[in-house]
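Order of appearance sets the numbers: ligands from 1, and atoms from 1 within every ligand.
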Amino acid sequence: MPLKDMCSQVGLDVTKMPRHVAIVMDGNGRWAKKRHMPRTYGHKEGAEALRKTIKACVEFGVEYLTVYVFSTENWKRPEDEVGFLMDLFRLLIAKEIPTLNQEGVKVRCLGDIQGLHFDVQDAIRKAEEMTSKNSVLQLNLMLNYGARHEILQACRAMLERGKEDVSFSVSQADFESELYTSGIPDPEILVRTGGDVRVSNYLLWQIAYSELFFLETLWPDFNRESLIEVLKQFQNRERRFGGLSSDH
Ligand code: FPP
């Protein structure tokens, strides 16, 4: 079915679709606790919710999906939970790649990848290699990612360029070329599930003009319908980028 029909079937306007959706997948632990289950069960179900979200993004022609998988601050969690998450990432990345590849998903893992366990790094390398030619949807898995770290690293790169060429003056484009997200358009939408209203060191530069959605939904409960609801609300919001509305 053509994209236009896929969208209008669920009440979306194909001419107003975002190219890039970013998500903070929060609430896995609480979801499990509510069911008297260990937090790790919540993470497994969270992976399922991500699978559904990827499918829905493909269905509605979203070009980039960027999800916060593990932050530079998540190392502070108990050692056994960190260990579980690393195992889950490795297993999931390896297991899901053939399906993602079939669907035309290009996987990128962005963040301080060298700080991750070696076996996770290995799975990442394989996944990126295997899917590098795909172009239906780019899935950015933000792993060991922190926005302040990313921004500082870009500043350092600019200083280096300044040393090599004293006439170098930093443009926005120069700076962006040193971010992990270089070459990727800014997200039009940032969703955070789990009820907290904060950004938690996520994509601080890139979300300057994003529409923000803070949902009470716990991440494992997020699904195709939740995404459609966010997209509908996005299409009804007026984005002015600091200018005036058309009927001022
Ligand atoms: C936040 O919930 C979630 C995480 C830190 C892990 C997210 C990981 C997944 C959804 C698995 C996806 C894996 C891959 C490889 C893509 P929380 O634990 O902070 O929940 P809480 O706020 O209720 O404690």
Fill in: Per atom 7 (C) of ligand 1, closest listed option by heavy atom (Leu143, Val69, Asn74, Leu92)
Val69
Do any side-chain atoms of residues 98-120 form donor-acceptor pairs under 3.5 angstrom with protein atoms, and if so which ones, sequence neighbours left out?
{"unit_1": "Asn101", "atom_1": "OD1", "unit_2": "Asn134", "atom_2": "ND2", "d": "2.7"}
{"unit_1": "Asp119", "atom_1": "OD2", "unit_2": "Arg90", "atom_2": "NE", "d": "3.1"}

Worksheet item: Which heavy atom of the protein is the closest neighbour of atom 24 (O) of ligand 1, given with residue, atom name and distance?
Response: Arg39 NH1, 2.9 Å
Worksheet item: For ligand 1, is any non-hydrogen atom under 4.0 Å from Arg77's backbone (N, CA, C, O), its side chain (CB onward), both, or neither?
Response: side chain
Worksheet entry | Side chain, backbone, both or neither: Val67 near ligand 1, heavy atoms under 4.0 Å | neither
Response to the item:
Checking heavy atoms under 4.0 Å, the part of Lys33 that sits near ligand 1 is neither
Worksheet item: What is the closest protein heavy atom to atom 16 (C) of ligand 1, and at what distance does it sit?
Response: Leu50 CD2, 3.3 Å
Response to the item:
shortest atom 1 (C) of ligand 1-to-protein heavy-atom contact is with Met25 O, 3.1 Å
Worksheet item: With sequence neighbours left out, which residue pairs that include part of residues 207-217 fulfil the side chain to side chain donor-acceptor pair (under 3.5 Å) condition?
Response: Glu211-Arg237
Discussion item. Looking at Arg161 and Asp165, is there a salt bridge between them, counting it only when a charged N and a carboxylate O are closer than 4.0 Å?
Written reply: no
Discussion item. For Leu218, which part has a heavy atom under 4.0 Å from ligand 1: side chain, backbone, both, or neither?
Written reply: neither
Worksheet entry | atom 23 (O) of ligand 1: the protein heavy-atom neighbour that sits closest, reported with distance to 0.1 Å | Arg30 N, 2.7 Å
